[in-house]
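Working notes for the structure below.
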Amino acid sequence: DLPPLGGYEPVQYKRNLPFRGFRPSYYLIAMGIVSAYGCYVAMNGIKERREMAREKIWTRIHLTPMLQAEADRDDVRRFWAAEKREKELMKGVKGWETGGVYNSDRYGFSGMALV
Amino acid sequence: MATNREPIFTHAVLVDNTPMPDHIPKVQEVGASSAPLTSTAFFIGDRCKPYNEDYMLCKHEAKGRGELECLKEGRRVTRCAASVIADINKHCLSEFRTHWKCLQNNNLELWHCRAEEKPFNSCVFEKLKLQKVIPDTPKGETPIHLRPATFK
């Protein structure tokens, strides 16, 4: 059990911490380029999404009058039916004015929803 | 506590089936569901622009009584939209069907169905002279329905 012939290798006892890597500005530039590319792609995507939203909104704008007119006809039909019913029910009551108690000529909904 | 209590009957749904009084002219309602309507929306907008704008102006000026006073404009709007759909059904039925079935499968998102939209738009333009225009597209850019597909 003797040491090997020629002895052991010398032990490294001095510190060895070499400076590594590129200049920090290079790293910043690389980050900037990658971010810029990402922003470019993102901005194009956002513009595309804006155009898609524009198309969707115009679809709805063109359809709104037709759908609103249909809903209006339904509302008016029910409104007149409710008014007629009210007149019929409150025929004998003195001092009852159909159309409610408000001094306004706005078209309005009654309290309970009769579909 | 005044929590929000909806003024509805909860024990039953009461449906009022009273018809319209006879002095109001009858109009055939547009029976289409959402996919065919989104498909033809721009063509309805193209043909019915004056009627639509007339109706919306009437509603705006009536200030609260629009439902009662704008019934006539509303009938015109419905008749125009119904005429567009009837014409498309007469002339371009198969392209129309493929397009709205594609839309129905894709959450009514128009960008999924560009391949079906192209022959439909060209058929409608040839036969009915109605064009799909997106009004506020920035100048110098192609409208989105004419661009090459970014992704499917």
Side-chain angles (χ1 to χ4, degrees), chain A residues 37-38 40-89 98-115, chain B residues 6-9 13-21 24 27 29-30 37-38 40-46 48-49 51-56 59 62-71 73-78 80-82 108-111 133-138 141 143-145 147 150:
Chain A
Y37 175 67
Y40 172 74
V41 171
M43 283 198 292
N44 280 337
I46 289 169
K47 286 180 185 164
E48 181 91 3
R49 275 211 311 267
R50 195 204 313 155
E51 296 307 310
M52 282 156 60
R54 178 171 284 140
E55 189 185 21
K56 177 177 166 186
I57 288 170
W58 273 106
T59 306
R60 291 180 181 180
I61 289 174
H62 288 317
L63 291 173
T64 297
M66 186 202 99
L67 299 168
Q68 187 64 54
E70 190 177 324
D72 280 354
R73 281 193 289 276
D74 193 40
D75 285 344
V76 166
R77 168 185 72 85
R78 283 165 40 221
F79 177 69
W80 281 335
E83 224 178 31
K84 197 162 142 206
R85 235 174 297 142
E86 192 189 335
K87 274 205 178 71
E88 187 60 39
L89 287 168
T98 47
V101 297
Y102 301 110
N103 295 326
S104 159
D105 62 350
R106 280 180 159 248
Y107 160 77
F109 300 98
S110 69
M112 294 302 242
L114 199 65
V115 172
Chain B
E6 294 281 317
I8 52 173
F9 291 117
V13 174
L14 300 174
V15 180
D16 188 355
N17 284 325
T18 321
M20 268 287 209
I24 307 287
V27 65
E29 301 285 357
V30 175
L37 280 181
T38 39
T40 56
F42 284 95
F43 304 123
I44 291 174
D46 195 18
C48 305
K49 185 166 191 273
Y51 305 109
N52 285 356
E53 292 188 341
D54 194 28
Y55 173 71
M56 296 312 274
K59 291 267 290 191
K63 287 198 184 36
R65 294 190 62 78
E67 284 87 346
L68 294 165
E69 291 176 9
C70 300
L71 286 173
E73 284 82 359
R75 284 194 292 276
R76 281 204 285 238
V77 162
T78 307
C80 179
L108 303 183
E109 285 171 356
L110 290 157
W111 55 274
V133 172
I134 304 180
D136 287 322
T137 322
E141 291 181 18
I144 186 162
H145 62 288
R147 290 186 199 174
T150 325

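Just so it is clear: chains get the letters A, B, ... in the order the sequence lines come, proteins before strands, and each one is counted from 1. The structure displayed is predicted, hence computed values, not measured ones.
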TODO: Measure the spacing between CG of A:Leu63 and OG1 of B:Thr38 and express it to the nearest 0.5 Å.
DONE: 7.5 Å
- [ ] Give a yes or no on whether B:Tyr51 atom OH has more than 12 heavy-atom contacts from other residues, nucleotides or ligands under 6.0 Å away.
- [x] no
TODO: Heavy atoms only, distances under 4.5 angstrom: which of A:Gly45, A:Pro65, A:Ala69 has the most pairs with chain B? Name it, please.
DONE: A:Pro65
Open item on the list: If I take atom CZ from residue A:Arg77 and atom CG from residue B:Leu71, how far apart are they, to the nearest 0.5 angstrom?
Closed with: 12.5 Å
Open item on the list: With side-chain contact (heavy atoms from CB on, under 4.5 Å) as the criterion, how do A:Thr64 and B:Met56 come out once you've worked through the C-alpha distance, each side chain's angles and the decisive distance to 0.1 Å?
Closed with: CA-CA 9 Å; A:Thr64 297; B:Met56 296 312 274; 4.2 Å; yes
Task: Minimum-distance pair of heavy atoms, taken over all atoms of A:His62 and B:Ala41 - done: CB-O, 3.3 Å
- [ ] With a 4.5 angstrom heavy-atom cut-off, could you sort out which part of B:Asp46 is near chain A: side chain, backbone, both or neither?
- [x] neither
TODO: Give, as side chain, backbone, both or neither, the part of B:Tyr55 having an atom under 4.5 angstrom from any heavy atom of chain A.
DONE: side chain
Task: Pairs of heavy atoms under 4.5 Å with chain B: top-ranked of A:Glu51, A:Met66, A:Glu55 - done: A:Glu55
TODO: Please state whether the side chain, the backbone, both or neither of B:Ile44 comes within less than 4.5 Å of a heavy atom of chain A.
DONE: side chain
Task: B:Arg147/A:Glu48 ion pair, N-O < 4.0 Å - done: yes
Task: Segment of A:Leu67 engaging chain B (4.5 angstrom heavy-atom cut-off) - done: side chain
Open item on the list: Given heavy-atom pairs under 4.5 angstrom as the criterion, report whether the side chain, backbone, both or neither of B:Lys59 touches chain A.
Closed with: side chain
- [ ] Please report the shortest heavy-atom distance between B:Asp16 and A:Arg85, naming the atom on each side.
- [x] OD2-NH2, 2.7 Å
TODO: Write down the atom of A:Trp80, the atom of B:Pro21, and the distance for their closest heavy-atom approach.
DONE: CE3-CG, 3.6 Å
TODO: Give a yes-or-no answer on whether the side chains of A:Arg73 and B:Thr78 include a donor-acceptor pair shorter than 3.5 Å.
DONE: yes
Task: From CA spacing to verdict: side-chain contact (heavy atoms from CB on, under 4.5 Å), A:Arg54, B:Asp136 - done: CA-CA 8 Å; A:Arg54 178 171 284 140; B:Asp136 287 322; 4.0 Å; yes
Open item on the list: Quick check on B:Glu141 against chain A: is it the side chain, the backbone, both or neither that has a heavy atom closer than 4.5 Å?
Closed with: side chain
Open item on the list: Please classify the contact of B:Thr137 with chain A as side chain, backbone, both or neither, using a heavy-atom distance under 4.5 Å.
Closed with: both
Open item on the list: Counting heavy-atom pairs under 4.5 Å with chain A, which one of B:Ile134, B:Thr40, B:Asn52 comes out on top?
Closed with: B:Asn52
Task: Segment of B:Leu108 engaging chain A (4.5 angstrom heavy-atom cut-off) - done: neither
Open item on the list: Looking at chain A, which one of B:Gly45, B:Ala82, B:Pro19 has the largest number of heavy-atom pairs inside 4.5 Å, strictly under?
Closed with: B:Gly45
